[in-house]
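What follows is a single structure, written as structure tokens, with notes after it.
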Protein chains: 2
Amino acid sequence: MEEKTKILLCEDDENLSMLLREYLQAKGYHTDLAPDGEAGYKAFTKEKYDICVLDVMMPKKDGIELAKDIRNLNSDCPIIFLTAKTMKEDILEGFKAGADDYISKPFSMEELIFRVEAIMRRTKGKKVKEKDTYYLGKYTFDTQRQILSIADSQIKLTTKETELLTLLAANVNEMVERNFALRTIWIDDNYFNARSMDVYITKLRKLLKDDPDVGIINIHGKGYKLIAPKTEE
Amino acid sequence: MEEKTKILLCEDDENLSMLLREYLQAKGYHTDLAPDGEAGYKAFTKEKYDICVLDVMMPKKDGIELAKDIRNLNSDCPIIFLTAKTMKEDILEGFKAGADDYISKPFSMEELIFRVEAIMRRTKGKKVKEKDTYYLGKYTFDTQRQILSIADSQIKLTTKETELLTLLAANVNEMVERNFALRTIWIDDNYFNARSMDVYITKLRKLLKDDPDVGIINIHGKGYKLIAPKTEE
DNA sequence: ATTTTTACTTAACAAGATTTAACTGGCCTC
DNA sequence: GAGGCCAGTTAAATCTTGTTAAGTAAAAAT
């Protein structure tokens with residue numbers, strides 16, 4: 001059996017951390033949460049992780065301290081910091097403490113996934129399974145090239161179209177919550193972004209109309225579900 | 001045994017210099033530190049360096065003075081300046097004193113590495129272990145000779161074309177941020193340079209149009225991604 | 001020394017992507 | 001079945017990217 005990549009996520013904002021875990025899970029990562037630096041350290045000593053994502057600002061022990069401690073265990077586990085946007089000093093401090101990368105808040109979850117995968121690619125070389133082509137009924141959707149094809153026509157999708165369709169395709173025949181999609185792709189789930197997402201749902205529906213077995217349905221008040229016939233993996 | 005590239009780093013902020021050394025070391029460079037211009041000069045007379053990275057603002061003897069002195073030893077050792085972002089005058093002075101390139105603070109370490117490697121590529125021609133030939137679908141891209149070939153046609157690329165394509169090729173199938181590219185290649189990420197980069201993206205797309213599996217796609221508001229089929233290493 | 005070539009930048013405009021706005025209709029509750 | 005919220009659609013506005021051509025400056029050639 002294939003081993004899942006294991007991520008240790010230290011973040012004191014529980015909202016955020018639950019959300020991130022959910023998303024990482026959907027992407028096939030196993031994620032353990034720690035609400036502060038001390039808990040993070042404890043978790044790190046008990047389990048073997050492939051990657052650590054540490055908030056810089058945390059109670060009890062901040063991310064920088066924690067990173068140093070992790071490095072002291074002479075671990076070469078890659079570390080990604082989450083920092084507030086302006087804190088250039090944090091970033092420097094972070095690199096000194098042995099960080100591999102950092103992301104400034106606010107960030108979209110896609111961004112996090114992207115960095116995680118970039119690091120896994122660099123370090124492990126393998127282990128990134130990251131599906132990049134989905135088969136949806138008669139459609140083929142290449143997330144790398146941002147191309148949706150059916151029969152012999154290829155349609156180039158825009159970035160947002162790709163992001164949204166990727167999210168839906170990663171959860172075919174399962175519901176994706178509106179807010180989850182908004183926060184994943186648009187970062188903020190305010191009124192206007194919600195309208196914007198509506199617009200993109202409309203666009204995707206048009207793009208997907210050539211196969212009657214494929215479509216996006218709305219679950220009132222909850223979210224959307226991409227419907228497509230099951231295919232062999 | 002392969003000789004390491006030797007870098008002389010003159011920088012009075014010890015935090016920063018230690019950090020840079022660590023990073024350069026990780027990238028396979030040997031780095032000597034000097035905390036001020038005089039120490040830098042002394043070090044330079046004693047050792048042979050492949051490249052000098054000088055902070056402009058330093059106690060005792062500033063980077064400009066030091067560069068002049070280094071040039072007086074009729075050395076052709078490449079020099080990179082570190083300057084504060086706003087100090088346009090420094091940059092002019094620096095070039096007058098014989099600089100090869102400069103980086104404005106704050107900069108990312110990737111940026112520094114990239115510049116160092118670009119210079120090594122230009123000057124030494126050798127010694128950079130960094131991959132110097134990329135295989136992009138049916139294309140072969142020789143960064144040393146600045147030649148892009150497909151089938152039996154060879155196209156000579158200009159310096160800027162080469163730099164941009166190298167940056168993209170070094171991150172195939174991954175996004176390169178617009179600003180990163182701008183700051184790395186054009187040094188400053190202002191409006192006009194951004195337009196200029198657009199122009200070069202267009203040129204590269206034209207050059208790459210003979211293999212449908214290769215292309216540069218835009219990630220709206222973020223950056224570019226060079227798409228190419230995966231090849232065995 | 002003058003012309004020619006080359007690399008690159010600036011300008012101007014066209015096309016594309018995304019968001020905002022305005023309006024329409026559906027669904028859900030009471 | 002009326003009122004309120006949620007979703008769908010379309011078009012306009014805004015912002016980003018793409019393209020082409022003209023402009024500039026330095027290098028190379030004559």
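Naming: A, B, ... by sequence-line order, numbering from 1 per chain. What's counted below: heavy atoms across the whole structure, side chains too, no hydrogens, waters or symmetry copies.
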Practice task
Would you indicate whether the side-chain heavy atoms of His220(B) and Thr158(A) approach each other to under 4.5 Å?
Solution key: no
Problem - Atom-pair distance (NZ on Lys160(B); C1' on dA25(D)), nearest Å - result: 14 Å
Handout entry: Which residue lies more 5' along DNA chain C, comparing Tyr191(A) with Thr159(A) via nearest heavy atoms
Key = Thr159(A)
Exercise for the section: Check whether any side-chain N or O of Thr158(B) sits under 4.0 Å from OP1 or OP2 of dC8(C), and answer yes or no. Expected result: yes
Handout entry: Interatomic distance where CG belongs to Leu165(B) and P belongs to dC8(C) [whole Å]
Key = 14 Å
Practice task
Rounded to the nearest angstrom, tell me the gap between atom CD1 in Ile185(A) and atom P in dT18(C).
Solution key: 11 Å
Exercise for the section: Can you establish whether the number of heavy atoms outside Glu110(A) located under 6.0 Å from its atom CD is more than 12? Expected result: yes
Practice task
Output yes when at least one side-chain N/O atom of Trp186(A) is less than 4.0 Å from OP1 or OP2 of dT18(C), else no.
Solution key: no
Problem - Distance flag, aromatic centroids of Tyr139(A) and Tyr134(A), threshold under 6.0 Å - result: no
Problem - Enclosure of Gln146(B) CD (heavy-atom neighbours >12, cutoff 6.0 Å) - result: yes
Completion exercise
From CG of Leu182(B) across to C1' of dT9(C) the rounded distance in Å is 14 Å
Handout entry: Leu164(B) CG - dT9(C) C1' separation (whole Å)
Key = 15 Å
Handout entry: Glu163(A) CD - dT18(C) P separation (whole Å)
Key = 8 Å
Practice task
Nearest whole angstrom, please: distance from the C1' of dT19(C) to the CG of Asp188(A).
Solution key: 14 Å
Handout entry: Greater than 12 external heavy atoms within 6.0 Å of Tyr135(B)'s OH
Key = no
Problem - OP1 or OP2 of dA7(C) under 4.0 Å from side-chain N/O of Lys203(B) - result: no
Problem - Separation of atom OH in Tyr200(B) from atom P in dT6(C), rounded to whole Å - result: 14 Å
Practice task
Step through the shown structure and confirm whether more than 12 heavy atoms of other residues, nucleotides or ligands are within 6.0 Å of CZ on Arg145(B).
Solution key: no
Practice task
Using the ring of Tyr41(B) (Phe, Tyr or Trp, six-membered ring only), decide whether Lys61(B) places NZ or CZ under 6.0 Å from its centre and within 45 degrees of its axis.
Solution key: yes
Could you list all N or O pairs between the protein and nucleotides 4-11 of chain D that sit under 3.5 Å apart?
residue, atom, partner, partner atom, Å
dA7(D), OP1, Gly221(A), N, 3.0
dA7(D), OP2, Arg178(A), NE, 3.3
dA7(D), OP2, Arg178(A), NH1, 3.3
dG8(D), OP1, Arg205(A), NH1, 2.7
dG8(D), OP1, Arg205(A), NH2, 2.9
dG8(D), OP2, Tyr224(A), OH, 2.6
dT9(D), OP2, Thr202(A), OG1, 3.3
dT10(D), OP2, Lys206(A), NZ, 3.3

